[in-house]
2 protein chains.
Amino acid sequence: MMQPSPDLLFKALADPSRRALFERLCLDGEQTVGALTAGAGISQPAVSKHLGILKQAGLVLDRHEGRQTHYSAQQRALAPLVDWTGRMNRFWEARFDDLEDLLKRMDQ
Amino acid sequence: MMQPSPDLLFKALADPSRRALFERLCLDGEQTVGALTAGAGISQPAVSKHLGILKQAGLVLDRHEGRQTHYSAQQRALAPLVDWTGRMNRFWEARFDDLEDLLKRMDQ
DNA sequence: GACATCCATAACTATATGGTTATGAGAAAA
DNA sequence: TTTTCTCATAACCATATAGTTATGGATGTC
């Protein structure tokens, strides 16, 4: 399974409306387009377009049920972002390495 | 010192040319505008404009020396990004929670 | 002083982008 | 079947953005 490029992720998350949608899905769980539109401050077609972009970036999954579409966050998709920041930041890289070591030791 | 908002960071890093400049500064260290322009594939004014945006986002620092300007990466500026991805990702949150629990138990 | 070099800013252009309204496809309800 | 509801797409518009060339200020060199 191909990981989405950091480029796609950065571009998808650079827009505040899109980031807000993704945050809602991350924090509140699966939502229909209608529910997401309520409180988004933009029209339903705008929401749909944003969700399409998030989906193309691998950040959300959609599930069709009757006439509604449910969207949910694919949080694993953030992995390339975490990797990228880690590569750019030696300090954090060290912290993550420590964490991984500890988790490995916990498994044993 | 105010941390830059995730919005500024995402927007600054959403552009490939800008991200490439930041990556070079992270990986290869301090560079002059001339050095950065060589191999950037865009004109010197374009590079200067991008550096200005990175600077406003807190991602780079500039240092004037004679007629050249040296830019360097401010890697700490990525912290809000790391925080944000952490908040959006239950997996990592849970792992961190587990880690905290373990550390507490170890202390006792 | 005269000239060259480095960088930033100004002015402009083409395209990308985020929003809108209008519309239509498909599923549920009547 | 007819109507209603949910969502996606089409068509369009205004603005933002990333690039360009031109220029000028400041510093180093001759």
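Chain identifiers are assigned alphabetically (A, B, ...) following the order of the sequence lines, protein sequences preceding nucleic acid strands; residue numbering begins at 1 within each chain.
- Atom NZ of Lys11(A) is separated from atom P of dA16(D) by 19 Å (rounded to the nearest Å).
- Atoms CD1 (Ile42(A)) and P (dT17(C)) sit 16 Å apart, rounded to a whole Å.
- An OP1 or OP2 oxygen of dG19(D) is reached within less than 4.0 angstrom by a side-chain nitrogen or oxygen of Ser17(B).
- One atom, CG of Leu51(B), and another, P of dC6(C), lie 16 Å apart when rounded to the nearest Å.
- Salt bridge annotation for Glu23(B)-Arg87(A): absent, with no cationic side-chain nitrogen under 4.0 angstrom from a carboxylate oxygen.
- Atom NZ in Lys55(B) sits roughly 14 Å away from atom C1' in dT9(C) (whole-Å rounding).
- Listed nucleotides: dC7(D), dT21(D), dC7(C). Nearest to the side chain of Pro45(B): dT21(D).
- Between dG18(C) and Arg18(A), a contact under 4.0 Å exists linking OP1 or OP2 to a side-chain N or O.
- Rounded to an integer number of Å, the gap from CG of Asp7(B) to C1' of dA16(D) is 14 Å.
- Taking 4.0 angstrom as the limit, Ser43(B) places none of its side-chain polar atoms (N or O) nearer than this to OP1 or OP2 of dG19(D).
- For Thr69(A), no side-chain nitrogen or oxygen approaches OP1 or OP2 of dT6(D) to under 4.0 Å.
- The nearest whole Å value for the distance from the CD atom in Gln44(B) to the P atom in dA10(C) is 14 Å.
- If you take NE2 of His64(B) and C1' of dC7(C), they are 9 Å apart, rounded to a whole angstrom.
- Of the candidates dC7(C), dA10(C), dG19(C), dC7(C) carries the atom nearest the Val33(B) side chain, counting heavy atoms from C-beta on.
- Between the Arg19(B) side chain and the Leu13(B) main chain, a donor and an acceptor come within less than 3.5 Å of each other.
- Side-chain contact between Gln68(A) and Val33(A) is absent, with no heavy-atom pair separated by less than 4.5 Å.
- Within the 4.0 Å cut-off from OP1 or OP2 of dA8(C), at least one side-chain nitrogen or oxygen of Tyr71(B) is found.
- When every heavy atom of Leu8(B) is checked against every heavy atom of Gln56(B), the shortest pair comes out as CD1-O, 4.1 Å.
- Contact annotation: side chain of Arg67(A) to base of dC7(D), donor-acceptor pair absent below 3.5 Å.
- Rounded to whole Å, the distance from CG on Asp62(B) to P on dC6(C) is 18 Å.
- The residue among His70(A) and Lys49(A) whose nearest nucleotide of DNA chain D is located toward the 5' end is His70(A).
- For Gln68(A) against dA27(C), no side-chain N or O and base N or O form a donor-acceptor pair under 3.5 Å.
- Among Leu54(A), Leu25(A), Leu59(A), Leu61(A), the single residue meeting the side chain to side chain contact (heavy atoms under 4.5 Å, CB included) criterion with Tyr71(A) is Leu25(A).
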